[in-house]
There are 2 protein chains.
Amino acid sequence: MPGAKLDEIDRMILAELQADGRMTNVELARRVGISAPPCLRRVRTLEEQGYIRGYHADVDPRELGFDVSVFVMVRLVSQSEAELSAFEARCGGWPLVRECHMLNGEVDFILKCVAPDLRSFQSFLTGELTAAPNVASVKTSLVIRNAKAEPGVPFDVLEARLARKA
Amino acid sequence: MPGAKLDEIDRMILAELQADGRMTNVELARRVGISAPPCLRRVRTLEEQGYIRGYHADVDPRELGFDVSVFVMVRLVSQSEAELSAFEARCGGWPLVRECHMLNGEVDFILKCVAPDLRSFQSFLTGELTAAPNVASVKTSLVIRNAKAEPGVPFDVLEARLARKA
DNA sequence: GCGCGTTCGCAATATTCTTGCGCTTGGGGC
DNA sequence: GCCCCAAGCGCAAGAATATTGCGAACGCGC
């Protein structure tokens, strides 16, 4: 199913909606060079086929008082599937954990966390994360600044043709 | 300016728009319990004041043929501001690099990358990244799977009151 | 050469967005 | 305690947008 067939217009639509997810359909149609109705139909199709997973407002964590971002490298004691899932589930319940990726190599998980300040992060760290069962070791790195953030710099859909599909 | 005053309704708006950025204003107003016009005015204010940085379609990289995600830890030779900026600028020019965060500690940068397959990632790695000036060492970790992704699991705006502001 | 399916654009209707306006509510100052 | 002011709400109307149905053009295979 994935990577069926996207023409140039579909790719432009994805790029535009990635840059501005609230763009009006009329404006979108104008930019990709077709009229509104077929444009809307294409968008619906892209949504149904899973190319577009959803739309989200990009809320600034700092404005809400989340001033620190931290990457956390976690090693577990056991890497059995049950334990891996258990850890993921635990992450799902921690509001400070915004992303949770399972990795290969020596580190089992990398987490991206946010917190109002260092103190509350450290309290989370010692009170929750390192205290959780099966956690062997934890290494943290404060984010000083970020040059490229996810939503602001959408990955280049127009280059996606380079990614050949079966 | 940050963290001025958000009431309960503002927080609900942020939470709803984070979950579904294309929600109609009428629907949004219904959910937060006010009528459409004041709801739209609140949204506009939140945008102007920077609480909402933008809206973005969440495009599935896999559907587009980007099957591998990789975290890359980068150390530089020199950490002078000029060199740091130069590296950030270089990252900005690499389409495979979707995020670039400067860290404290031994590692200078962590990058989140996507690629169509391992081969093209490794070609990027050896041909571009490690070949770039001032790059001392590079360590990569493949993402096996992710339990919590950024847009799917918005951080909990309703808990944001815990983040006290000046 | 001729259907056949796909996708387009046009037109019409339904829904939403957007602005102006009057009203209620809550909080000082006197 | 009373008045006044500011902030925020809802209502209503006009403008813009979304959405559906339909006929026409294009490309493809037979």
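In what follows, chains carry the letters A, B, and so on, assigned in the order in which the sequence lines appear, proteins first and then strands, with residues in each chain numbered from 1.
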_Output the rounded distance in Å from CG (L40(A)) to P (dT17(D))._
14 Å

_Integer-rounded Å distance: dC9(D) C1' and I9(B) CD1_ = 10 Å

*Looking at five pairs on each end of the helix from dG1(C)-dC30(D) to dC30(C)-dG1(D), what is the angle between the two axes, given to 10 degrees?*
30°

Which residues pass the side chain to side chain donor-acceptor pair (under 3.5 Å) test with [X], not counting sequence neighbours?
| X | answer |
| --- | --- |
| T45(A) | none |
| R75(B) | none |
| Q122(A) | none |

*Are OP1 or OP2 of dC9(D) and a side-chain N or O of R42(B) less than 4.0 angstrom apart?*
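Indeed, a polar side-chain atom of R42(B) lies that close.
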
*Who are the side-chain contact (heavy atoms from CB on, under 4.5 Å) partners of R145(A), not counting sequence neighbours?*
E81(B), L84(B), S85(B), E88(B), M102(B)

*What residues, two or more places apart in sequence or in another chain, satisfy side-chain contact (heavy atoms from CB on, under 4.5 Å) together with I110(B)?*
F71(A), I110(A), F71(B), M73(B), H101(B), L103(B)

_Range on DNA chain C touched by chain A, heavy atoms, distance below 4.0 Å_ =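 Extent of the interface on DNA chain C: dC8(C) to dA11(C).
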
*Which residue pairs pass the salt bridge (charged side-chain N to carboxylate O under 4.0 Å, His left out) test when at least one of the two sits in residues 32-43 of chain B, sequence neighbours left out?*
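As it turns out, the salt bridge (charged side-chain N to carboxylate O under 4.0 Å, His left out) pairs with a partner in residues 32-43 of chain B, which skip direct neighbours, are D7(B)-R42(B), D10(B)-R42(B).
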
*Of all pairs that satisfy salt bridge (charged side-chain N to carboxylate O under 4.0 Å, His left out), the ones with a partner from residues 126-137 of chain B, not counting sequence neighbours*: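 Passing the test, one end in residues 126-137 of chain B: no pairs.
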
*Quick one: ring-ring contact (aromatic ring centres under 6.0 Å, His included) partners of Y55(B), sequence neighbours excluded?*
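Testing Y55(B) for ring-ring contact (aromatic ring centres under 6.0 Å, His included), a comparison that skips the adjacent residues, returns none.
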
*Within the structure shown, what part of the strands sits under 4.0 Å from R22(B) by heavy-atom distance: base, sugar-phosphate, or nothing?*
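R22(B): no heavy atom of the nucleic acid under 4.0 Å.
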
*In plain terms, say whether D67(B) and R62(B) are close enough for a salt bridge, that is, a side-chain N and a carboxylate O under 4.0 Å apart.*
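Here D67(B) does not pair with R62(B) in a salt bridge, since their nearest N and O are not under 4.0 Å apart.
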
*Heavy-atom contacts under 4.0 Å between residues 24-37 of chain A and DNA chain D, which residues?*
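Heavy-atom cutoff 4.0 Å gives T24(A), N25(A), V26(A), P37(A).
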
Between side-chain atoms of residues 137-144 of chain B and protein atoms elsewhere (two or more places apart, or another chain), which donor-acceptor pairs fall under 3.5 Å?
none

